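Let me begin by presenting the structure, written as structure tokens, before commenting on it.
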2 protein chains.
Amino acid sequence: MEHLKTGELAKRAGVNVETLRFYEREGLIPEPPRRVSGYREYPAESVRLIRFIKRAQELGFSLREVRELLALRVEPGTTCADVRHKAQEKVSDVREKIADLQAIERALNSLTASCSGEGPLTDCPILECLNGTTNEEK
Amino acid sequence: MEHLKTGELAKRAGVNVETLRFYEREGLIPEPPRRVSGYREYPAESVRLIRFIKRAQELGFSLREVRELLALRVEPGTTCADVRHKAQEKVSDVREKIADLQAIERALNSLTASCSGEGPLTDCPILECLNGTTNEEK
DNA sequence: CTTGACTCCGCACTAAGGTACGGGCCGTAG
DNA sequence: CTACGGCCCGTACCTTAGTGCGGAGTCAAG
């Protein structure tokens, strides 16, 4: 089978048919040739392309970034180092998110630690802290 | 000053006026009494309420979750342990996100490690890996 | 009394990443 | 040849957390 219809490509790549149309509109995948009837005829390697997109997404790249990644492949004179650079940028991105979440985790932990779980709601240290009762109270 | 107009409350709480209307629509803050003219008259403690919402958001609670938190405060028979429970749920939530991001970081790191940054694009191990060249190629 | 700032309301729009729908062709198995 | 599934298209809708806008009414200072 040399060319695929939308449904076939969608099934093989594990995405929704609408998603393919969406990616096409967003410029992530090229417009495929059409039959006279208007039916899209995707080359077999499109499966790869869609999976590439999905994998990149799993690695935390947004569709915008995926588009840039794909553009790199086509841009003449692009080097391996360019791609590497994008990946490294994404690493520091991810590290930042991790650090933010860790700060949140620490804050939540100290909150739950301050609360024995006993006593009525009115004395709950968590709500008090969220309310800012500790520092204000004009 | 016993009661605040929207603009005053917004300024004191550090949010946009529109955000107050939005929170009201979403049931996060109660509908305040109105003047004859229709102007809202917020009690002074509304500032606290808005700040509560903002702090909870900073701790990773979605507005939906904040609403639940606020509902707890009103629900009769709610205990401190209930609040504590919500906070702990959020902690495991956050931990899960951290773990996911760490997995992504590891994957990206092994990808960049595999790429010297030299050589032409066609041989880039990162793109190859994303493309799945390593396992398929039927 | 007028003017300018503030408030009211509903509605539209943003970003991201799709999903769903309805009407109308197409293509092929029976 | 006809029926049914697949495909076409544009468009609307979803979630989250708001922001923006325009027209009309209001408040307070000068």
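Here is how names work: the chains are called A, B, and so on, in the same order as the sequence lines, proteins then strands, and each is numbered from 1. Everything numeric in this text was worked out from a predicted model, so none of it was measured.
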Original post:
Which whole-number value in Å describes the distance from E31(B) CD to dC9(C) P?
Top reply: 9 Å
Original post:
To 10°, what angle do the rotation axes through the five end pairs on each side of the helix from dC1(C)-dG30(D) to dG30(C)-dC1(D) form?
Top reply: 30°
Protein-nucleotides 22-26 of chain C N/O pairs under 3.5 Å:
residue, atom, partner, partner atom, Å
dC26(C), O4', Y39(A), OH, 3.4
dC26(C), O2, Y39(A), OH, 3.4

**OP:** Could you check which of dG18(C), dT7(C), dA20(C) has an atom nearest any side-chain atom of K5(B)?
**Re:** dT7(C)
Original post:
Do any side-chain nitrogens or oxygens of R21(A) fall under 4.0 Å of OP1 or OP2 in dC21(C)?
Top reply: no
Subject >> Candidate pair R21(B) and E24(B), rule side chain to side chain contact (heavy atoms under 4.5 Å, CB included), full reasoning >> reply: CA-CA 5 Å; R21(B) 295 211 315 127; E24(B) 190 178 315; 5.6 Å; no
**OP:** Taking only the side-chain nitrogens and oxygens of Q57(A), find out if one of them lies under 4.0 Å from OP1 or OP2 of dG18(C).
**Re:** yes
List every contact pair, protein side and nucleotides 12-16 of chain D side both N or O, where the distance is under 3.5 Å.
none

Original post:
So I53(B) and I29(B), side chain to side chain contact (heavy atoms under 4.5 Å, CB included) or not? Walk me through it.
Top reply: CA-CA 9 Å; I53(B) 295 170; I29(B) 58 179; 3.9 Å; yes
Subject >> Trace of the side chain to side chain contact (heavy atoms under 4.5 Å, CB included) decision for L127(A) with F52(B) >> reply: CA-CA 9 Å; L127(A) 288 185; F52(B) 177 98; 3.8 Å; yes
**OP:** Would you mind reading off the distance between R40(B) atom CZ and dG25(D) atom P, rounded to a whole angstrom?
**Re:** 17 Å
Original post:
Should R51(B) and R48(B) be marked as a side chain to side chain contact (heavy atoms under 4.5 Å, CB included) after you check the CA-CA gap, both sets of side-chain angles, and the distance that decides it?
Top reply: CA-CA 5 Å; R51(B) 291 205 186 135; R48(B) 272 281 186 76; 5.8 Å; no
Subject >> Side-chain N or O of Y23(A) closer than 4.0 Å to phosphate OP1/OP2 of dG17(C) >> reply: no
**OP:** Using atom OH of Y42(A) as one end and atom P of dC7(D) as the other, report the distance to the nearest whole Å.
**Re:** 10 Å
Original post:
Got a sec, which residues hit salt bridge (Lys or Arg N to Asp or Glu O under 4.0 Å) with R84(A), two or more places apart in sequence or on another chain?
Top reply: none
Original post:
What nucleic acid atoms does K11(A) come within less than 4.0 Å of, heavy atoms only: base, sugar-phosphate, or nothing?
Top reply: nothing
**OP:** With sequence neighbours left out, write down each residue that passes side-chain contact (heavy atoms from CB on, under 4.5 Å) with E58(A), or none if nothing qualifies.
**Re:** none
Original post:
Mind checking what makes side chain to side chain donor-acceptor pair (under 3.5 Å) contact with E96(B), not counting sequence neighbours?
Top reply: none
Going by atom type alone, with no hydrogens or angles, which donor-acceptor pairs under 3.5 Å involve a side-chain atom of residues 114-126 of chain A and a protein atom two or more places apart or on another chain?
residue, atom, partner, partner atom, Å
S114(A), OG, L111(A), O, 2.6
S116(A), OG, E118(A), N, 3.1

Original post:
When the distance from CD of E8(B) to C1' of dT26(D) is rounded to whole Å, what number comes out?
Top reply: 14 Å
**OP:** Determine which pairs satisfy side chain to side chain donor-acceptor pair (under 3.5 Å) with at least one residue from residues 27-39 of chain B, sequence neighbours left out, and list them in order.
**Re:** R35(B)-E41(B)
Look for any protein N or O under 3.5 Å of an N or O in nucleotides 1-3 of chain C and output each such pair with its distance, or none.
none

Subject >> Separation of atom CD in E24(A) from atom P in dG17(C), rounded to whole Å >> reply: 18 Å
Original post:
What heavy-atom pair brings K5(A) and Y42(A) nearest, and what distance separates the two atoms?
Top reply: C-CD1, 4.3 Å
Original post:
Atom CD of E41(A) to atom P of dC8(D): distance rounded to whole Å?
Top reply: 10 Å
Subject >> Value in whole Å for how far the C1' atom of dG20(D) lies from CZ of F22(B) >> reply: 14 Å
**OP:** Taking only heavy atoms on the protein side, list every residue of residues 90-102 of chain A lying under 4.0 Å from any atom of DNA chain D, sorted numerically.
**Re:** none
Original post:
What salt bridge (charged side-chain N to carboxylate O under 4.0 Å, His left out) pairs are there with at least one residue in residues 103-116 of chain B, not counting sequence neighbours?
Top reply: R95(A)-E105(B)
Subject >> Least distance between heavy atoms, I50(A) atom then A13(A) atom >> reply: CG2-CB, 3.5 Å
Subject >> Separation between OG1 of T19(A) and CG of L28(A), rounded to the nearest 0.5 Å >> reply: 11.5 Å
Quiz: residues 61-80 of chain A side-chain donor-acceptor pairs under 3.5 angstrom, not counting sequence neighbours:
residue, atom, partner, partner atom, Å
S62(A), OG, R64(A), N, 3.4
S62(A), OG, E65(A), N, 3.2
S62(A), OG, E65(A), OE1, 3.4
E65(A), OE1, S62(A), N, 2.8
E65(A), OE1, K90(A), NZ, 2.9
E65(A), OE2, K90(A), NZ, 3.0
R67(A), NH1, E26(A), O, 2.5
E68(A), OE1, K86(A), NZ, 2.9
T78(A), OG1, L72(A), O, 3.0
T78(A), OG1, E75(A), O, 2.8
T79(A), OG1, A81(A), N, 3.3
T79(A), OG1, D82(A), N, 3.4

Original post:
Does OP1 or OP2 of dC6(C) have a side-chain N or O of T6(B) closer than 4.0 Å?
Top reply: no
**OP:** Over all heavy atoms of both residues, which pair between A87(A) and T112(B) is shortest? Give the atoms and the distance, please.
**Re:** CB-CG2, 3.4 Å
**OP:** Could you tell me the separation between the CG atom of L20(B) and the C1' atom of dG18(D), rounded to a whole number of Å?
**Re:** 12 Å
Subject >> In one Ile/Leu/Val/Met/Phe/Trp/Tyr side-chain cluster, 4.5 Å: V17(B), L4(B) >> reply: no
Subject >> Taking every non-hydrogen atom, the tightest pair across L59(A) and A107(B) >> reply: CD2-CB, 3.5 Å
